[in-house]
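Reviewing the structure listed below.
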Amino acid sequence: MKKEQIVDVLETIATLLELQEENPFKIRAYTNAARSIEAWGGNLRELAEENRLQEIPGVGKAIAGKISELVLTGESTFFAELRSKFPPGILELFGLPGLGAKKIKALYEKLQVGSIADLKKACEMGRVAELPGFGKTTQDKLIATISNRAKHVGSFQLGAVAAEAEELLDDLRQHPGATQVSSAGSYRRRKEIVRDLDFIVATQAPEAITEFFVGHALVESVSARGATKTSVRLHSGIQADLRVVSTAEYPFA
DNA sequence: TAACCGCACTGATTTA
DNA sequence: TAAATCAGTG
DNA sequence: GGTTA
Ligand SMILES: [Mg+2]
Ligand SMILES: [Mg+2]
């Protein structure tokens, strides 16, 4: 498991411990370790193999053990067990302004709210306002926040997908069958928010280009594949469209 | 081993 | 209206 | 949980 993923696990552990109302200092210990590892330049695997993880500030015996497990096996029995105590979607709730561990815990225990979808239903049924610590104002705000959020599903910040886009462009340019390669649409125009990535490739070997595209390491799944247009979903979640044209018509595409 | 780990302040909301 | 609670900020 | 005295 890579460093970024380890950091993510430690942060998730901290969040779930909050839901259990664990000792706040213990919670902070996991958060601190995550920050510290984020800033750590070295290779975690090497450190783990040499039993030197504790050299990282904020990482002691207990957390080092969990990191070793994660780095080497990709899992942690502690984390798995902790995770199993809650529905996966409960983590989404922390992203809603006004909700913290205590309120989320109440929503979960009293209304079995385990995701934003659950919360939406509970709010619409008026159940949330019945809970101690909640009221109609809070319930209405949650409904508003959730519906606003739904509008932005499928949107990506340019910076969040630029690396994938450029890598794809570079690799397409490396392909011997590609004579011209460029981006198009909102990404080409550098819009701050993009909903998909568009690429145009001029080639005499459209089949080979398409094949290369759908087989690329960044591609998560293929949603459509035709003679001139192909759509895939990348690992980041964004959709990428490829248009393949002849060299003659490229200037007009 | 035991103490300490940042914390005050503010605003919004709910409850007494 | 006053106190309490919670989340968020710096 | 980690660090420090
Ligand atoms: Mg250490
Ligand atoms: Mg577009």
Side-chain angles (χ1 to χ4, degrees), chain A residues 1 3-42 44 47-48 50-73 75-86 89-116 118-120 122-149 152:
Chain A
M1 193 176 268
K3 184 163 72 181
E4 297 72 30
Q5 299 172 296
I6 304 280
V7 168
D8 199 63
V9 169
L10 294 175
E11 285 170 346
T12 303
I13 288 177
T15 301
L16 295 178
L17 289 180
E18 265 193 276
L19 282 178
Q20 299 198 145
E21 294 182 291
E22 254 289 1
N23 179 336
F25 294 109
K26 181 187 288 192
I27 295 168
R28 208 155 62 210
Y30 278 94
T31 306
N32 291 343
R35 292 288 78 74
S36 188
I37 288 169
E38 226 172 8
W40 188 261
L44 280 188
L47 230 53
E50 299 168 16
N51 289 314
R52 289 171 45 199
L53 285 170
Q54 295 185 54
E55 291 181 14
I56 301 175
V59 173
K61 188 177 172 185
I63 294 184
K66 281 146 195 158
I67 296 176
S68 298
E69 228 186 316
L70 289 166
V71 164
L72 304 176
T73 76
E75 247 308 359
S76 147
T77 54
F78 171 79
F79 180 48
E81 185 170 335
L82 183 60
R83 231 178 3 193
S84 72
K85 294 178 180 173
F86 305 91
I90 206 166
L91 296 173
E92 305 169 353
L93 300 175
F94 284 87
L96 298 178
L99 292 188
K102 293 184 178 174
K103 287 193 170 165
I104 292 171
K105 188 165 191 276
L107 288 167
Y108 177 51
E109 290 181 347
K110 300 190 178 180
L111 298 179
Q112 289 77 52
V113 166
S115 67
I116 289 186
D118 289 346
L119 178 59
K120 179 168 183 285
C123 284
E124 287 167 348
M125 292 190 298
R127 300 296 308 281
V128 170
E130 298 172 353
L131 262 46
F134 295 78
K136 182 138 193 321
T137 304
T138 302
Q139 179 175 277
D140 290 344
K141 277 188 182 172
L142 287 171
I143 292 177
T145 301
I146 292 172
S147 54
N148 274 330
R149 196 143 304 199
H152 300 299

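Since the structure is predicted, the reported quantities are computational estimates derived from the model, not experimental observations. As a basis for the values below, the full set of heavy atoms in this structure was taken, side chains included, without hydrogen atoms, waters or symmetry mates. Each chain gets a letter, A, B and so on, in the order the sequences are listed, and its residues count up from 1.
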Inspect the contact between A/E69 and A/K66 and indicate whether a charged nitrogen and a carboxylate oxygen are less than 4.0 angstrom apart. no
Is the shortest distance from a Lys or Arg side-chain nitrogen in A/K26 or A/E18 to a carboxylate oxygen in the other one below 4.0 Å? no
Measure NZ/A/K66 against C1'/D/dG1 and give the value in whole Å, please. 8 Å
Check the phosphate of B/dA12 against A/T137, side-chain N and O only, distance under 4.0 Å to OP1 or OP2. Yes or no? no
For the side chain of A/K102, counting heavy atoms from C-beta on, which of C/dG8, C/dC6, B/dC5 is nearest? C/dC6
Could you state the atom-to-atom distance from CD of A/E21 to C1' of C/dT5 in whole Å? 13 Å
Donor-acceptor under 3.5 Å (A/D118 side chain, A/G114 main chain): yes
Give the rounded distance in Å between these two atoms: CG of A/L142 and C1' of C/dA7. 13 Å
Euclidean distance, atom CD1 of residue A/I104 to atom C1' of C/dC6 [Å, nearest integer]: 12 Å
Quick check, does A/F25 stack with B/dC5? I mean ring centres under 5.5 Å and planes off by under 30°. yes
Would you classify A/L131 as touching base, sugar-phosphate or nothing, given that sugar-phosphate means primed atoms plus P, OP1 and OP2, and contacts are heavy atoms under 4.0 Å? sugar-phosphate
One pair to check against side-chain hydrogen bond (donor to acceptor under 3.5 Å, both in side chains): A/K85 and A/Q20. What are the steps and the verdict? CA-CA 10 Å; A/K85 294 178 180 173; A/Q20 299 198 145; 3.1 Å; yes
Identify whether any heavy atom of A/A101 sits under 4.0 Å from a base atom; if not, whether one sits that close to sugar-phosphate; answer base, sugar-phosphate or nothing. sugar-phosphate
P gap between B/dG6 and D/dA5, integer Å: 15 Å
Side chains of A/K120 and A/I143 in contact at under 4.5 Å (non-hydrogen atoms): no
Look at A/K136 and B/dT14 and indicate whether a side-chain polar atom (N or O) is within less than 4.0 Å of OP1 or OP2. no
Using whole Å, report how far CD of A/E18 lies from P of C/dC6. 13 Å
A/F79 ring centre to A/R83 NZ or CZ under 6.0 Å, with the angle to the axis within 45°? yes
Can you check whether A/K103 has a side-chain N or O nearer than 4.0 Å to OP1 or OP2 of C/dC6? no
From the list A/V128, A/L131, A/L107, A/I90, side-chain contact (heavy atoms from CB on, under 4.5 Å) partner of A/V113 resolves to A/L107
Send over the distance from A/F134 CZ to B/dT15 P, rounded to a whole Å. 10 Å
Roughly how many Å is it from CG in A/L53 to C1' in D/dG1, rounded to a whole number? 15 Å
Side chain of A/R28 only, please: which of B/dC5, D/dG1, C/dG8 is the nearest? B/dC5
Produce the list of close N/O pairs, under 3.5 Å, pairing protein atoms with atoms of nucleotides 3-5 of chain D; give distances to one decimal.
residue: D/dT3; atom: OP1; partner: A/G58; partner atom: N; Å: 2.7

What is the nucleic acid contact for A/P24, judged by heavy atoms within less than 4.0 Å: base, sugar-phosphate only, or nothing? nothing
If only side-chain N and O atoms of A/T138 are considered, is one of them under 4.0 Å from the OP1 or OP2 phosphate oxygen of B/dA12? no
For nucleotides D/dG2 and B/dC9, find the distance between their C1' atoms and express it as a whole number of Å. 28 Å
Should the pair A/F78 and A/Y30 be assigned to parallel (<30°), tilted (30 to 60°) or perpendicular (>60°) ring geometry? parallel
Atom CG of A/L16 and atom P of D/dG1 are separated, to the nearest Å, by 13 Å
